[in-house]
Amino acid sequence: MYVAQPIEWTDRGVVMLDQRRLPGEEISHTYTDYREVARAIREMVIRGAPAIGVAAAMGVALGVLHSSAKSVEELRAEFPQICEVIAKTRPTAVDLFWALERMKARFVELTRQSSDLTKIRQALVAEAQQIHLEKKATDEAIGRYGAEFMPREGQVMTQCNAGALATGGIGTALGVIRVAFEQGKKIHVLVPETRPYLQGARLTAWELHRGGIPLTLITDNMVGHFLKSGKVGAIVTGADRIAANGDTANKIGTYQMAVLARENNVPFYIAAPISTFDLSIPNGDHIPIEERSAAEVTHIQGVRIAPDVPAAHPAFDVTPARYIAAIFTERGVARSPYTQSLRDLASEKAIA
Ligand code: MRU
């Protein structure tokens with residue numbers, strides 16, 4: 001089945017599929033400068049929490065690879081600047097910071113062991129590639145755990161794009177749907193278009209269509225109507241950051257979907273890697289919510305659809321843990337009380 005490739009490390013540089021141009025055009029860019037990678041993350045050439053993490057790791061690797069440093073000391077002086085530029089791109093998805101921490105830890109380890117710059121550079125490139133590989137394996141495992149919870153037949157709703165484009169693997173929420181579909185479950189996906197950036201209409205609809213998975217595209221204000229119909233067996237979405245108590249930030253619109261799901265007795269699930277956990281914060285009130293440009297609300301693909309008035313664009317919202325029936329991860333399924341189950345999973349005790 002077709003799996004989109006949003007990002008690849010190549011000998012020429014980091015190649016990214018430009019997600020701003022989908023579904024109309026499939027155009028890729030090759031980046032050799034970490035500052036270009038940072039800009040690509042900020043401007044949504046690549047998006048989706050795990051894929052942003054992979055891009056951040058590859059950005060750090062590029063920064064080190066092309067640094068003019070002549071000694072480990074010079075490289076040590078430059079390294080924080082590389083990480084900082086990448087860290088300042090998007091604030092909500094914790095995978096970005098997780099990937100930066102991992103690259104930092106590897107850098108510290110390598111520079112303690114060796115002063116051979118070539119070796120250090122190669123090892124950091126290998127670490128970034130390893131992160132990408134691990135994301136693929138993680139998605140497959142999330143998919144297997146989550147597929148069990150999908151209905152044998154009927155409608156499943158998602159939000160935004162938590163597919164291959166968002167992770168570099170088979171996707172988290174769409175990975176669950178994909179595995180269930182491949183197991184023979186007769187799933188039909190309801191895809192809300194996900195205003196204002198239209199990740200549902202542009203990306204999820206494209207991925208599912210390419211993968212041969214049946215779908216119906218709906219507008220965001222149809223969500224309640226379809227949930228009330230009694231035909232939706234489950235909702236599964238991704239996550240950008242999961243607090244210690246299970247409160248979960250995901251694309252704007254997810255919260256109202258979860259509340260409507262409760263009202264209509266539809267189970268609402270999250271599919272996310274453990275790198276999305278932020279156990280350093282007690283609850284969702286501490287999650288920074290990215291405010292994006294108002295122009296993404298007043299315009300659609302450059303065409304003005306509203307008068308020149310103030311517009312708000314919080315890019316994410318937080319769904320309280322009480323609305324979440326389960327969280328599918330690569331190590332198993334977390335259930336309420338999440339304070340305990342998330343901690344157990346993070347400390348590698350499988351509880352599925
Ligand atoms: O603004 P985006 O497109 O980066 O937002 C993406 C989402 O909200 C996804 O649902 C989330 O990152 C999970 S992706 C597997």
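Keep in mind it's a predicted model, so treat the numbers as computed, not measured. First listed ligand is number 1; within each ligand, the first listed atom is number 1. What's counted below: heavy atoms across the whole structure, side chains too, no hydrogens, waters or symmetry copies.
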Problem set entry | Contact check: G48 vs ligand 1, nitrogen or oxygen atoms, below 3.5 angstrom | yes
For this session: Please test R47 against N161 for side chain to side chain donor-acceptor pair (under 3.5 Å), starting from the C-alpha separation and ending with a verdict.
Result: CA-CA 9 Å; R47 30 66 50 203; N161 173 267; 3.0 Å; yes
For [X] and ligand 1, answer yes if some heavy atom of the residue is under 4.0 Å from a ligand atom, otherwise no.
{"X": "T237", "answer": "no"}
{"X": "A239", "answer": "yes"}
{"X": "P50", "answer": "yes"}
{"X": "Q159", "answer": "no"}
{"X": "F316", "answer": "yes"}
{"X": "R90", "answer": "yes"}

Exercise. Using a heavy-atom cut-off of under 4.0 Å, does the side chain or the backbone of C160 touch ligand 1, or both, or neither?
Worked result: side chain
Evaluate whether atom [atom1] of [X] has more than 12 neighbouring non-hydrogen atoms of other residues, nucleotides or ligands under 6.0 angstrom away.
{"X": "H299", "atom1": "NE2", "answer": "yes"}
{"X": "R304", "atom1": "CZ", "answer": "yes"}
{"X": "R39", "atom1": "CZ", "answer": "no"}

Problem set entry | Hphob cluster co-occupancy, F181 + W206, side-chain heavy atoms under 4.5 angstrom | no
Exercise. Which heavy-atom pair separates A243 from L342 by the least distance, and what is that distance?
Worked result: O-CD1, 3.5 Å
Within a distance under 4.0 Å of any heavy atom of [X], pick out the atoms of ligand 1 and give their elements.
{"X": "A166", "value": "14 (S), 15 (C)"}
{"X": "A162", "value": "14 (S), 15 (C)"}
{"X": "T167", "value": "15 (C)"}
{"X": "Q199", "value": "1 (O), 2 (P), 3 (O)"}
{"X": "A49", "value": "12 (O), 14 (S)"}

For this session: Determine whether the side chains of D240 and T92 contain a donor N or O and an acceptor N or O closer than 3.5 Å.
Result: no
Closest non-hydrogen protein atom to [atom], residue and atom name please, with distance?
{"atom": "atom 10 (O) of ligand 1", "value": "N250 OD1, 2.7 Å"}
{"atom": "atom 5 (O) of ligand 1", "value": "K251 CE, 3.2 Å"}
{"atom": "atom 11 (C) of ligand 1", "value": "D240 OD1, 3.1 Å"}
{"atom": "atom 15 (C) of ligand 1", "value": "T172 OG1, 3.1 Å"}

Exercise. When the ring planes of Y269 and F149 are compared, do they come out parallel, tilted or perpendicular, using 30° and 60° as the limits?
Worked result: perpendicular
For this session: Step by step, work out the side-chain contact (heavy atoms from CB on, under 4.5 Å) result for M222 and L190.
Result: CA-CA 10 Å; M222 296 174 190; L190 289 180; over 6 Å; no
For this session: Output, in order, the C-alpha distance, side-chain angles, deciding distance and verdict of salt bridge (Lys or Arg N to Asp or Glu O under 4.0 Å) for D95 and K135.
Result: CA-CA 11 Å; D95 276 81; K135 291 285 166 207; 3.2 Å; yes
Exercise. Does a side-chain heavy-atom distance below 4.5 Å link L227 with F268?
Worked result: no
